[in-house]
Structure formats: C-alpha cells, structure tokens
Amino acid sequence: MADKNVERYEDSELYRMRHSAAHIMAQAVTEMFEPGEVKVAIGPPIDDGFYYDFDLPRNLTPEDLKNIEKRMKQIIKGKHPFEKRVISAQEAREHFHDQPYKLELIDGLDQGGFDEYGQPTGQNPEISLYTQDTFTDLCRGPHVEHTGQVNRSALKLMTIAGAYWRGDEKRPQLQRIYGTVWPTKEELTAYLWKLEEAKKRDHRVLGRELDLFSTSDEVGPGLIMWHPKGGLVRKLAEDYWGDEHEQGGYDFVFTPHIGKSTLWKTSGHLDFYNENMYSAMDIEGQEYYLKPMNCPFHVQIFRSQIRSYRDLPLRFAEKGTVYRYERSGVLHGLLRVRGFTQDDAHHFCRPDQMRDELDFVLNFCLNILRAFGLSDFKAYLSTQPEKSVGDPEQWRVAEAGLEEVLQRAGLPYGVDEGGGAFYGPKIDVIVQDALGREWQISTIQFDFNLPERFDISYVGEDGEQHRPFMLHRALFGSMERFFGILIEHYGGAFPVWLSPQQITLLPIADRHNAYAHQVAQQLKEAGFRVGVDDSGDRISKKVRQAQKQKTPYMLIVGDRELESETVSVRLRTEEELGAMALPDLIDRIRAAVEAKQGL
RNA sequence: GCCUCCGUAGCUCAGUUGGCCAGAGCAACCGCCUUGUAAGCGGUCGGUCGACGGUUCGAAUCCGUCCGGAGGCUCCA
C-alpha cells in the first residue's frame, strides 16, 4: 500500500527537473544540426534520470555527448522560463509540420486519447506546448519554472543507445540519449557510486575472477561452462534443494533431452512455442527436437500407469536441462542464456487438493529462497493472454486460486493482465538483492494444456475418469540464472556454507608448511573445504590472494602459532579474531555452516 | 534480430597521417630471499593483433563480410 505521506515520484520536484532536463537536452541536440534536420520523438523522465529519442542525420559519438552536456549547462545558466501554451490539434499540426513523430503523437491525442505508445488512455486530453529559450516541445508537463532550477552540477549524460520508435522493431530506429540529474551533486555522486558498486558485483566479471564459469566462442553464445568452483556452489545448492524436496514429498525423475516431433506436436509446443525451439534433427527418418521444457516427459511418466485418486498429489521433480532460442541481442551472462537447467517440478492433484497444493508450494519455495539470504519477496500474478488454450472458466478458477494463495501468504503482489503463459496463469516471485535490485526468480504456473492434450486422468472415488490439475513450478528458476543472481547478491563473497573454499592456511615461512598441512588435514576431516598456500610468497601477498578470492577464513600460521598449537584467524571482512585453538574454530565454522549464513 | 561502441598474450591495457623484430603490468614457470595480515627481487615462457577476403610496395592500423562482446530497443508528449 502506498503511504499517503510519501509523495509520488510523478508528482515530485525531481520528476519535473528530469523532465525539464530532457527538454534542455533536446534543445542542445536540435541546435547541433541545421534547422529541420532533427526529428524529435519523446523524452520522458525515468527511474534514475531521463532520456530523449532523436532521428538524426548522423550517428552521435561519445564526443557529441560531452558537447551536448556542455551546451545543456549553458542553457541551464540562462534561467530560461518554461512557458506553457494550450493549443488546438490543428495549431499543433501546423507547428510540428516537419516533425513526423510529433504529428503521430498529435493524431493519437486528437483521436480520443491514445498515448505515445498507441494505447488508449480513456480520456481526451488537452494539447499543450512547453517552450524554453529557443525550443518548443509538444508536452503535457509539468516542468520546473525555469531552466536554472535544473541542478547543472548534478547533471550527467550517460549513454547513447538505439531504440525503436514506439518500441516497435518494424518502426524506425532512433538514437536515444540517457542522462541523469539529481537534486544535489552529492546524490549524483551517490548514484554513480551505486553504479560502480553494481559493476563490481557484475557476475560476468566475478565469474572470471573467481573462476566460477565461462562461455566460449567455440561452443557458442549463451551456453555456459561451469568451472570446478562454480560447479561446487551449484552442487551445494542442489544438494540442499534435493534434501528439501525429499522432505517435501517430491519424487525425483530424470528425462531425455530430445523427443520426437509427435510428442511436441501433441503437447502444442510446435504450435505455440515454436519460435523458441531449435530446428529439428533427423534420426533414422524421424524428426526429433531438443526440449525447451520438461513437462511433456513428466506427463508421460504420469500416464505410464493408471492413477488412483489415492495416489494424488504426485510431485515429480527434475533438474531438467532445456534449450531455448533467444535472440542474440538479449543474451546476458548467466541471466539470459540458450541452454539452462530448470529446477523443475510438476504437481498433479485433484481439484479439491488445489488450495493445499498451492499453499504448500509457495511456502516451500519461499523457505528455500530464504536459505540463500533472500527474504524480500513480492509477486506478480499473470492472467490469461490472448493466445491461449483451455476453458476460460477454468482460467478464472485458477487465477482466483493463485490470487488467494498470495493473499494467504501475505505477499505483496501486482497483477500482470494477459501476462500468463499460453497454457495457464502463473505467479512469479520477485526478490530484492543486497543492492535493492529486483529479480524474478521462482514461478508457479497452472497447466491446462497438457492434461487435455495428453488426455491424462485418474480414477476417482466414484470409479470414473477425472482430469487432474497440473501445476508447474521452478524455484531457482534456472540454475544458471539463479547462480548469476547469487553472485551479484553476495558480490562473490558467498556465505561460508556456499563458499567453494572455506578456509585457506597461510604459512608465514616454508618451515611452517608442514604444520599448515597438518592443520588443513584436521579441518578436512572435520568436513571443511580447505586449501594451503605454500607458495614462496610473502604473507601479505598470500593474504592478498586469499582476499581476492573472497575466502571466508584465512588462517595464518607462524612460529607463535606452531608453538602454541593455534592458528591466527583473519576473516575476509578484515576482522581479525587472533589466535584460536582448532576445536574452537571448528565449532564456530560449523555453526555458521549449519545456520547457512555468516562466517 | 536491429542500432551504437568494442575485439591486441590467461587477465587488464599501450600501440592514431598504414612502415624498424608488436609492448607493459599482473598471472604462469624457474631461481634468490625465509618472510607476521592486500603485490619482496631477478629471470623465462607466452600473441597467425577475433576470422576470412580486399586495397597497398607494405595492414594491428584503411575497406567489406562473418564471428564474438558491451550498452540499449514501450517505465506516459
């Protein structure tokens, strides 16, 4: 619920400042070219700044960006007032006769309230112009009073990027300049610092530095190689996942990576999911497809025998690796890939079990995520899209069921109308990471399609055949994506239970190596992942190396420790615990591991 | 996919009117030092300058195609 005392961003001074900055930028860009050469599109404020889209005679360079910023600061200094004028559509058309994008916007406004994306607004708004200095723009406003109210010391142009007119790739591609401006210089600095911090946590960078994973040109884009250390983190996550699922009443299944075209024909994937599937391969004259989803296989398992109402619910879980075509431009590290492993499961249940099943799966999901330091949850409920299968009545029941479980769980949620999959409505769980960024992780979806298409049923108490509800869910979503999020969430400093190497022994001099190895052996026997840096480097170098690897525990051993049979403990937080006896240290680490948090 | 930018040793980067054998730091390896909490010293190895084609007496540098990467592509004129 929005707090009434908190001003909405749209109503804020900052919003107006950014909106005005966009206009000032448009003026600066317009002035760079001959009259009539610059076609301006739209220039709204956004979360952390503003942008403006232009159709220009040539491509902008980073050098241009500097000049534009310079010119903007001059315009700001001029303290030019923003003046509003309400005009008729006809006047507007005359004014913008050589501005095709503006004309299109005017048409939208004139024809009964379409916004700049062609979406109906349900109202017929007035048409207004805002002028500052030499520049006039079609604009609803509001703006600051004069350009001097835009803080020029807190202004910075960020990047140039391509963007389609109205977001439609069939329309012209425009040049978009992103900029940011803040009430104070300090806030700009803080914002830039946050960007830097996010950069430092970039899972692609950390993935290399910590030797967690890689991709290879020779293998292909969007295909991930998990290195030993990344693989270990994954195994730890999967082991935990497996234990929880066993406790949670899941059965584990394993299914092939390919299936015949008839399977995908029956499932509907060839009709509805074709654009994400790779082309067929020929095996002895039969077409086979790489699987983009695991569901059809799980359905096969369900119907491999006659099921009784007493058998339900059934929960089949599989870490299933799937392959989906993604356009090359959208691939991104571990977060958007072409081959990935879903921690998939399908629940089959009776209608009367649906409510319990939903409660179970949502709570199960949130509990597992909590173990990974994620606790700030919200959700989206996505409803029936235009292109979909199944009885509308059934959709309503399922949508209501999903909404109720969210309410019972007390999870804040929004509704994405028409955002569901073609086969059923869904809940997406969104988490906030350590930097406050939001990530979509888990998904819980109804499937009306497959039970129907594969004609699965169970025998009810009445001896008749009944169609079960089928629920699809993934908690981590995909192992790749989840790993990427975890790396960024922890900034590469995994909690000790997930750290690939938990402890590194750092002997001061060669003569301490034997003792270091002996201690390491004891720690290994206690169940920890331990290494010894017995290189000839100085201790400060060894500490540096271990720090860079974000090793939770650094144990320095020299003459003093050897003498007293202790180790000097340094944490990666740079905290020093001083000399500790091994049993005490073991107790401490064991506690942290069991708690699945901290060091 | 499209637009902009980018692609030089494992990593981070120098190398601009096209011209001597393509460089540095880190890493790796070999030595010396035997060291007290984020880089000790010296040496060695390592690159068909993303790939292919073209222009040229001559291409890392210019052109073309392809491959790969980064940012962006509907948060209300």
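So that the names make sense, note that chain A is the first sequence line, chain B the second, and so on, each numbered from 1.
- In this structure, A:R166 places its CZ atom 22 Å from P of B:rC3, rounding to the nearest Å.
- Across the protein-nucleic acid pair, A:L65 atom CG and B:rG72 atom P stand 15 Å apart, rounded to whole Å.
- For B:rU4, neither phosphate oxygen OP1 nor OP2 lies less than 4.0 angstrom from any side-chain nitrogen or oxygen of A:R176.
- Judged purely by distance below 3.5 Å, without hydrogens or angles, the side chains of A:H143 and A:S20 pair a donor atom with an acceptor atom.
- Atom CG in A:D537 sits 10.5 Å away from atom CG in A:L506 (nearest 0.5 Å).
- For the pair A:R336 CZ and B:rG69 C1', the computed distance is 17 Å after rounding to whole Å.
- The nearest whole Å value for the distance from the CG atom in A:L506 to the P atom in B:rA39 is 14 Å.
- The structure places CD of A:Q132 at 10.0 Å from CD of A:E83, a figure rounded to the nearest 0.5 Å.
- With hydrogens and angles left out, the side chain of A:Y51 and the base of B:rG72 share no donor-acceptor pair within 3.5 Å.
- In this structure, A:A546 reaches neither bases nor backbone, as no heavy-atom distance under 4.0 Å exists between it and the strands shown.
- Between A:H23 and A:Y130, the angle of the ring planes goes over 60°, which puts this pair in the perpendicular group of the 30/60° scheme.
- Residue contacts shown for A:Q175 are absent, as no nucleic acid heavy atom lies under 4.0 Å away.
- Put simply, CG on A:D64 is 19 Å from P on B:rC3, counting in whole angstrom units.
- Put simply, the side chain of A:L270 reaches to within 4.5 Å of the side chain of A:Y289, judged on heavy atoms.
- Between A:Q547 and A:P221, the residue anchored closer to the 5' end of RNA chain B is A:Q547, taking for each the nucleotide with the nearest heavy atom.
- Taking the six-membered ring wherever Trp is involved, the centroid distance between the rings of A:Y52 and A:F54 falls below 6.0 Å.
- Comparing the P positions of B:rC49 and B:rA59 gives an interatomic distance of 11 Å, to the nearest angstrom.
- One P atom belongs to B:rC73, the other to B:rA39, and the distance between them is 41 Å to the nearest Å.
- Nucleotides B:rU48 and B:rA9, compared at atom P, are 9 Å apart to the nearest Å.
- Residues A:P500 and A:F494 approach most closely at CD-CD1, 4.1 Å, considering heavy atoms.
- If you take CD1 of A:I68 and C1' of B:rU4, they are 14 Å apart, rounded to a whole angstrom.
- Closest to the A:A161 side chain, of the nucleotides B:rU35, B:rU37, B:rG71, is B:rG71.
- If you measure from atom CG of A:L571 to atom C1' of B:rA38, you get 15 Å, rounded to the nearest angstrom.
- Nucleotides B:rG19 and B:rC29 have their P atoms positioned 37 Å apart, rounded to a whole Å.
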Applying the Watson-Crick and G-U criteria (both distances under 3.5 angstrom) with [ ] for crossing and | for other-strand pairs, one obtains for RNA chain B (((((((..((((.....[...)))).(((((.......))))).....(((((..]....))))))))))))....
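- Of the listed residues (A:V569, A:L599, A:I503), just one forms a side chain to side chain contact (heavy atoms under 4.5 Å, CB included) with A:I589, and that residue is A:I503.
- Taking atom P on both nucleotides, B:rA28 is separated from B:rU65 by 42 Å, rounded to a whole Å.
- Rounded to the nearest Å, the gap between the C1' atom of B:rC6 and that of B:rC13 is 14 Å.
- For the pair A:E563 CD and B:rG36 C1', the interatomic distance rounds to 16 Å; values are reported in whole Å.
- For A:Q173, taking side-chain heavy atoms from C-beta onward, the closest of the listed nucleotides B:rG1, B:rU37, B:rC3 is B:rC3.
- A side-chain donor from one of A:D133 and A:Q27 sits under 3.5 Å from a side-chain acceptor of the other.
- In the set B:rG1, B:rC75, B:rU37, B:rC75 carries the atom at the smallest distance from any side-chain atom of A:D47.
- Using a 4.0 Å heavy-atom criterion, one finds that A:E561 contacts the bases of the nucleic acid, with or without backbone contacts as well.
- If you check distances only, the side chain of A:Y164 does reach the base of B:rC2 with a donor-acceptor pair under 3.5 Å.
- If you check the side chains of A:E488 and A:H203, you find a donor sitting under 3.5 Å from an acceptor.
- Taking CG from A:L56 and CG from A:D64, the interatomic distance works out to 9.0 Å, rounded to the nearest 0.5 Å.
- Every pair passing salt bridge (charged side-chain N to carboxylate O under 4.0 Å, His left out) that includes a residue from residues 23-52 of chain A is listed here, sequence neighbours excluded: A:E31-A:R71.
- Sequence order on RNA chain B of the closest nucleotides to A:L60 and A:R544 puts A:L60 first from the 5' end.
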Would you check, one step at a time, whether the test salt bridge (Lys or Arg N to Asp or Glu O under 4.0 Å) holds for A:E197 with A:R201? CA-CA 6 Å; A:E197 185 59 28; A:R201 287 168 176 257; 3.4 Å; yes
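- With both ends at atom C1', the span from B:rG42 to B:rA38 equals 23 Å, rounded to whole Å.
- Side-chain N/O atoms of A:H332 include one lying less than 4.0 angstrom from OP1 or OP2 on B:rG71.
- Less than 4.0 Å separates RNA chain B from at least one heavy atom of each of the following residues of residues 202-217 of chain A: A:R204, A:R208, A:D217.
- Pairs engaging residues 15-26 of chain A under the salt bridge (charged side-chain N to carboxylate O under 4.0 Å, His left out) rule: A:E13-A:R16 [sequence neighbours left out].
- A:Q502 and A:S499 share no donor-acceptor pair across their side chains, judged by distance under 3.5 Å alone.
- Not one side-chain nitrogen or oxygen of A:Y9 sits closer than 4.0 Å to the OP1 or OP2 atom of B:rC75.
- At B:rG72, none of the side-chain N or O atoms of A:T159 fall inside 4.0 Å of OP1 or OP2 (strictly under the cut-off).
- At a threshold of 4.0 angstrom between heavy atoms, the contacts of A:Y101 with the nucleic acid are absent.
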Would you sort out whether A:R166 and A:D168 count as a salt bridge (Lys or Arg N to Asp or Glu O under 4.0 Å), showing the intermediate values? CA-CA 5 Å; A:R166 293 194 155 168; A:D168 182 346; over 6 Å; no
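- Proximity of A:R572 to the phosphate of B:rA38: no side-chain N or O atom is located under 4.0 Å from OP1 or OP2.
- Listed by residue number, A:G536, A:R538, A:I539, A:S540, A:K541 are the residues of residues 531-542 of chain A with a heavy-atom contact under 4.0 Å to RNA chain B.
- Side-chain contact check for A:D559 and A:H512: at least one donor-acceptor pair (N or O, by modelled atom type) lies under 3.5 Å.
- Side-chain atoms of A:E169 and base atoms of B:rC73 include no donor and acceptor less than 3.5 Å apart.
- The side chain of A:Y178 places an N or O atom within less than 4.0 Å of a non-bridging phosphate oxygen (OP1 or OP2) of B:rC73.
- The shortest side-chain heavy-atom distance between A:F213 and A:E480 does not fall under the 4.5 Å cut-off.
- Among the heavy atoms of the strands lying under 4.0 Å from A:A509 is at least one base atom, whether or not backbone atoms are also near.
- One C1' atom belongs to B:rG53, the other to B:rU12, and the distance between them is 32 Å to the nearest Å.
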Check nucleotides 46-51 of chain B for protein N or O atoms closer than 3.5 Å to its own N or O atoms and list the pairs.
none

